[in-house]
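Note that these values count all heavy atoms, side chains included, but never hydrogens, waters or copies made by symmetry. Positions are given from 1 along the sequence.
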Amino acid sequence: MEIIRTYYLGVIAPTSFILLSLFFMGAALKIIVGRRPVVLNLRYFFVAACLILIPNLFAPLIFKVSQGNFDLIFCLGSLMTIGVLALLWIQWKGRLVIGISGENFKESFSAAGEKLGLTFEECLGGFRIKESGEVIRVSLHGWLATAQIQKTGKMSMNTFLGLVQGMVAHHTSSNMKARVLTPWICFLIGVGLLLASANLIGNISKLGNPVRTAPTQIGTMPSVSLPLAANLY
């Protein structure tokens, strides 16, 4: 089990952190350099959450069994991890728009609807398509400059994807500027994850090369210089 524990700390955990850092830093740089809002599939964030949380499913088993002191109470952490992932799977659907204000979101959303020949009216929690009565759930977060859009009920996936593609096209063709507070936060998170992975790899390399000490012979005592009794008087 010690080999599994070392493999977990030296390979699985650092690899997860590196992949997460590349995801956060790549998304952030795309917005910062391009100066345009970006639309991301929320399932990408679910995969990122899995990279962070899934190791917690196996960590109690790996560490407690390797110590020979396994207790069923440590399985509660794994059960909580499963519950959190199930909740995130339900909640994280649709698309997330990063680096956009409320006014710019309404502008790009309306422009995407016009290309598809759709008109909207505001309703509780989102927008309703007048032609079909379908509702698109919208959640705006002003200070984070993000917006989440989800299809509801039996709304056509083609219509939803058409609106998303229309918004992306409007962001590219217009003079809309992205807000970069959230991208910079994501970039710093990516840097932190990269440093954490480097720290884990460094600790494992130290464990793999312990400092060797010269063995002492049994029955012998180390030599200690003591002052002579004559020198004390």
Side-chain angles (χ1 to χ4, degrees), residues 11-55 85 88-89 91-116 118 120 126-127 136-151 157-202:
V11 178
I12 297 178
T15 302
S16 300
F17 287 162
I18 291 173
L19 292 175
L20 284 171
S21 66
L22 293 177
F23 170 72
F24 280 106
M25 294 172 67
L29 289 176
K30 184 176 181 180
I31 302 173
I32 295 172
V33 175
R35 305 294 295 179
R36 293 287 186 274
V38 169
V39 182
L40 296 176
N41 192 329
L42 277 170
R43 292 305 188 194
Y44 295 158
F45 291 91
F46 178 78
V47 173
C50 288
L51 291 175
I52 296 175
L53 297 177
I54 281 182
L85 289 176
L88 294 179
W89 176 261
Q91 292 293 327
W92 285 358
K93 297 179 180 179
R95 300 294 186 272
L96 181 69
V97 188
I98 304 177
I100 194 168
S101 64
E103 294 180 357
N104 289 339
F105 175 82
K106 291 182 179 179
E107 176 188 335
S108 62
F109 191 76
S110 299
E114 290 178 1
K115 290 183 179 180
L116 298 176
L118 301 176
F120 305 98
F127 294 91
I136 301 175
R137 185 178 299 140
V138 175
S139 178
L140 294 172
H141 308 282
W143 72 277
L144 286 174
T146 59
Q148 181 179 350
I149 54 177
Q150 297 177 335
K151 79 182 199 67
M157 179 59 72
N158 292 331
T159 303
F160 179 77
L161 294 179
L163 287 171
V164 172
Q165 293 172 1
M167 292 180 65
V168 173
H170 183 75
H171 296 161
T172 305
S173 60
S174 66
N175 294 325
M176 187 179 298
K177 299 296 183 181
R179 296 189 176 182
V180 296
L181 173 61
T182 300
W184 275 114
I185 294 175
C186 292
F187 183 82
L188 293 177
I189 292 174
V191 172
L193 290 170
L194 199 60
L195 293 176
S197 64
N199 183 54
L200 283 174
I201 295 173

Rounded distance (nearest 0.5 Å) linking atom CE of M176 with atom OG of S101: 7.5 Å

Minimal non-hydrogen separation, F160 against Q150, with atom names: CE1-C, 3.8 Å

Reported CG-to-CD1 distance for the pair L42 and I149, which is rounded to 0.5 angstrom: 9.0 Å

Under 3.5 Å: donor-acceptor pair, side chain of T182, backbone of L144: yes

F105 and F109 aromatic ring geometry - parallel, tilted or perpendicular at 30°/60° bounds: parallel

Minimum-distance pair of heavy atoms, taken over all atoms of S21 and G190: CB-O, 3.0 Å

Side-chain donor or acceptor of R137 paired with backbone N/O of F127 under 3.5 Å: no

Rounded distance [0.5 Å steps], OG1 in T172 versus CE in M167: 11.5 Å

Any donor-acceptor pair under 3.5 Å from Q148 side chain to W92 backbone: no

Approximate separation, where rounding is to 0.5 Å, of F23 CZ and I189 CD1: 10.5 Å

4.5 Å side-chain heavy-atom contact, N104 and R179: no

Atom CZ of F17 with >12 non-hydrogen neighbours under 6.0 angstrom: no

Minimum heavy-atom distance G166-K115, with the two atoms named: O-NZ, 4.4 Å

pair R95-N41: side-chain heavy atoms closer than 4.5 Å: yes

For the student: nearest non-hydrogen atoms of A28 and P183, plus distance: CB-O, 3.0 Å

Closest approach of L116 to T159 (non-hydrogen atoms, all atoms of both residues): CD1-O, 4.1 Å

Which atom of H171 lies closest to which atom of V39, heavy atoms considered: CE1-CG2, 4.0 Å

Interatomic distance, L163 atom CG to K151 atom NZ [nearest 0.5 angstrom]: 12.0 Å

Donor-acceptor contact present, side-chain R36 to main-chain S174, <3.5 Å: yes

Atom pair NE2/OG1 of H141 and T146 - distance to nearest 0.5 Å: 5.0 Å

